[in-house]
Amino acid sequence: MLFDKYALNALALTNRIVMPPMTRSRAGTGDVATDMMADYYAQRASAGLIISEGTQISQQGQGYAWTPGIYSDAQIAGWKKVTDAVHHAGGKIFAQLWHVGRVSHTVLQPGNAAPVSSSAIQADGVKVFVDVEGRGPENGVGDMVQHSMPRALAVDEIPAIVNDYAQAARNAIAAGFDGIELHGANGYLINQFIDSQSNLRDDEYGGSLQNRLRFMKEVVEAVSAAIGKERVGIRLAPLTTLMGSRDDTPEATYLAAASVLNAIGIAYIHIAEADWDDAPVMPAAFKEALRIIFHGTLIYSGKYTPERAEEALAKGWADLIGFGRPFIANPDLPYRLQHNLPLNEPIREKFFGGGAEGYLDYPLQKA
C-alpha cells in the first residue's frame with residue numbers, strides 16, 4: 001500500500017509533510033499543464049506526497065481562469081511532463097480532481113451555460129477569477145466577479161458527472177500520477193451535495209443525510225472501481241463556510257461521511273481545517289472520533305506550524321500534515337523544517353497567474 005500505517009508511525013515530521021493542493025492559475029492554452037508547472041512541482045518533490053492543484057474533470061467543472069484540466073489528450077500529455085519530473089526528482093504526486101459546481105461563471109462554461117449544482121442557490125459574495133479580456137495567464141491580469149446563478153442538476157444528469165470523475169481518474173493514472181484526491185471540500189460540487197444549507201433537493205440526492213452523501217459515495221465508488229481504492233483519497237472540510245457552504249450539524253455529517261468512506265476502503269481522508277482569522281477550532285473530540293471511524297490514513301492541513309503538527313502526530317489524530325503557503329515560497333520546506341531554518345515569505349500578489357516570478361524563483365537553502 002502507498003500509505004503503510006506502521007511505517008508512517010516510525011517517520012519523523014520531515015518525512016510526513018504533504019504539499020497540499022494550491023491553485024496557481026498558470027496553465028497554458030487549452031488548460032494544459034506547462035513545462036513551467038513541471039519545474040514548479042519537481043522543485044517541491046522532497047515532500048512526502050504532493051497533491052496537485054485542483055484539476056477540472058471537464059469544462060463544466062472549471063471555475064477559475066487558467067486552471068489545468070485532465071479531460072483532453074493534450075492535458076494528459078501536459079500532466080505527464082509534470083509527473084515525470086516529480087518522479088525523476090524522487091517524489092510522489094496525486095492529482096486533485098475538481099468539479100467546482102456552482103462556483104463558476106457563464107464565461108467559463110460550455111456554450112456560456114449556467115453552472116450546475118445540487119440546488120439552484122447563488123452564494124452571495126462568492127467570487128471567481130476570470131480573464132475577461134482574454135490576456136492569458138502570462139499576464140496574470142484578471143477580475144474577481146460574483147459567480148453566476150447555477151441551475152440544479154436533474155437526476156438523470158448526475159451519472160454523466162460521476163462518469164467524468166471516473167474517466168478523469170483513469171486519465172490521471174495514464175498521465176503518471178500515483179493516485180487521485182477528490183476535492184470534496186471548500187464549497188465545491190461534492191461539498192454542495194453534502195452540506196444541508198446548499199442542498200435543498202427532495203429526491204434521492206437530498207433531504208436525509210444518507211441522501212446528501214449519495215453523490216459523494218457514487219463518485220468515490222466510481223473512481224475506486226476505475227483505478228483501485230488504494231489510489232484514492234478525498235479532501236473534506238467539516239467546519240468550512242468557504243464559498244457559502246454550510247451544514248447544520250457538521251460533526252454528525254462528516255463522521256457519517258467518514259463511515260461511508262471507511263466502508264469503501266479508500267487510502268486517505270484529507271481534512272482541510274478552517275484556516276482564516278477567527279475560524280472555528282476543530283474540537284479534539286471530533287478528531288478522535290474520526291480516527292476511530294476511519295481506519296485509513298488521515299491528513300490534516302490548515303495553517304499548521306511544526307509545533308501543531310508534532311502535537312497532531314503525537315496524539316494520533318493525523319498521519320501526515322499538509323503545509324500549504326509555506327511550500328509556495330520554500331521549495332525545500334522539509335529541509336528547512338528539519339534544520340530549523342528561516343522560511344521565505346510568499347509574495348501574495350504572485351499567487352495566481354503570471355510567469356516564473358513568485359513561482360519558480362524562491363531561493364533554496366544551501367545544504
Side-chain angles (χ1 to χ4, degrees), residues 3 5 96-97 99 101-102 117-119 121 152-153 155 158-159 161-162 165 180-225 229-230 232-274 279-302 312 315-319:
F3 302 103
K5 298 297 289 294
Q96 190 189 62
L97 303 185
H99 192 307
R102 70 184 181 185
S117 185
S118 56
S119 300
I121 303 171
L153 283 162
V155 170
I158 291 175
I161 295 180
V162 173
Y165 275 104
I180 65 96
E181 175 180 285
L182 295 167
H183 200 339
N186 296 1
Y188 298 118
L189 184 61
I190 292 174
N191 202 170
Q192 290 160 32
F193 273 90
I194 294 173
D195 285 357
S196 58
Q197 293 189 28
S198 58
N199 183 345
L200 304 182
R201 303 175 73 98
D202 59 5
D203 55 26
E204 59 263 44
Y205 289 94
S208 70
L209 176 54
Q210 180 181 7
N211 283 356
R212 287 188 283 115
L213 294 174
R214 187 184 306 275
F215 180 69
M216 178 200 75
K217 182 174 184 285
E218 290 181 354
V219 171
V220 173
E221 288 177 336
V223 297
S224 296
K229 62 187 180 182
E230 71 280 358
V232 175
I234 188 169
R235 196 176 206 207
L236 301 174
L239 297 183
T240 190
T241 56
L242 290 175
M243 310 302 174
S245 189
R246 298 175 186 271
D247 189 77
D248 293 326
T249 58
E251 292 183 32
T253 294
Y254 283 90
L255 290 177
S259 181
V260 170
L261 297 166
N262 187 68
I264 297 171
I266 63 172
Y268 72 77
I269 295 175
H270 182 181
I271 297 293
E273 291 195 59
V281 176
M282 187 171 289
F286 174 83
K287 297 179 180 181
E288 291 164 0
L290 188 63
R291 171 59 82 193
I292 292 169
I293 289 171
F294 185 73
H295 302 157
T297 295
L298 287 171
I299 304 172
Y300 279 82
S301 298
K315 291 185 175 178
W317 300 333
D319 300 299

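Quantities reported herein were computed from a predicted structural model and do not represent experimental measurements.
- In the model, Ser117 has a side-chain atom that pairs as donor or acceptor with a side-chain atom of Gln192 under 3.5 Å.
- Distance check, rounded to the nearest 0.5 Å: CD1 of Ile293 to CG of Leu255 gives 4.5 Å.
- Using modelled atom types, no side-chain atom of Thr249 and backbone atom of Ala252 make a donor-acceptor pair closer than 3.5 Å.
- Side-chain atoms of Ile190 and Phe215, non-hydrogen and from C-beta on, do get closer than 4.5 Å to each other.
- Side-chain contact check for Gln197 and Asp248: at least one donor-acceptor pair (N or O, by modelled atom type) lies under 3.5 Å.
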Side chain to side chain contact (heavy atoms under 4.5 Å, CB included) assessment of Val220 paired with Leu182: CA-CA 8 Å; Val220 173; Leu182 295 167; 3.6 Å; yes
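- Ser198 and Ser118 make their closest contact through O-OG, 2.8 Å (heavy atoms, listed as atom of the first residue, atom of the second, distance).
- Atoms CE and CD, on Met282 and Glu273 in that order, are 5.0 Å from each other to the nearest 0.5 Å.
- Under a cutoff of 6.0 Å and an axis angle of 45°, Lys217 and Phe193 do not form a cation-pi pair.
- Summarising the geometry of Tyr205 relative to Asp203, their closest heavy-atom pair is N-OD1, 2.9 Å, with the distance given to 0.1 Å.
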Given the rule in the side chain to side chain contact (heavy atoms under 4.5 Å, CB included) test, do Tyr254 and Leu236 qualify, once you have shown the distances and angles that lead to the verdict? CA-CA 8 Å; Tyr254 283 90; Leu236 301 174; 4.1 Å; yes
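- Nearest heavy-atom pair across Asn191 and Asn186 is OD1-N, 3.3 Å.
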Audit row: Ile266, Ile234, side chain to side chain contact (heavy atoms under 4.5 Å, CB included) steps and yes/no: CA-CA 8 Å; Ile266 63 172; Ile234 188 169; 3.8 Å; yes
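- Across Ala152 and Ser119, no two heavy atoms sit closer than the pair CB-CA, 3.9 Å.
- Electrostatic pairing of Arg212 and Asp195 does not count as a salt bridge here, judged by no charged N lying under 4.0 Å from a carboxylate O.
- Taking the side chain as every heavy atom from C-beta outward, Tyr188 and His99 never approach each other to under 4.5 Å.
- Heavy-atom contacts from other residues, nucleotides or ligands closer than 6.0 Å to CD of Glu204 number more than 12.
- Scanning for side chain to side chain contact (heavy atoms under 4.5 Å, CB included) contacts around Pro283 gives Leu239, Glu251, Phe286, with sequence neighbours left out.
- Within the 4.5 Å cutoff, the side chain of Arg291 has heavy atoms near those of the Asp319 side chain.
- By the 4.5 Å heavy-atom criterion applied to side chains, Leu97 and Glu181 are not counted as neighbours.
- Annotation for Leu290 and Ala258: closest pair CD1-CB, 3.4 Å, computed over non-hydrogen atoms.
- More than 12 heavy atoms of other residues, nucleotides or ligands shown are found within 6.0 angstrom of NZ on Lys287.
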Could you walk me through whether Ile299 and Ile269 pass the side chain to side chain contact (heavy atoms under 4.5 Å, CB included) check? CA-CA 6 Å; Ile299 304 172; Ile269 295 175; over 6 Å; no
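- The nearest pair of heavy atoms linking Ser301 to His270 is OG-NE2, 2.7 Å.
- Between Met216 and Leu261, some side-chain heavy-atom pair lies under the 4.5 Å cut-off.
- Separating the CD atom in Glu221 from the NZ atom in Lys229 is a distance of 11.0 Å, to the nearest 0.5 Å.
- No hydrogens or angles considered: nothing links the side chains of Tyr165 and Glu218 as a donor-acceptor pair under 3.5 Å.
- Counting non-hydrogen atoms of other residues, nucleotides and ligands closer than 6.0 Å to CZ of Arg246 gives a total of 12 or fewer.
- Leu209 contributes atom CG, which lies 10.5 Å from atom CG of Asn199 (distance to the nearest 0.5 angstrom).
- Partners of Arg214 according to the salt bridge (charged side-chain N to carboxylate O under 4.0 Å, His left out) rule, which considers only residues two or more places apart in sequence or in another chain, do not exist here.
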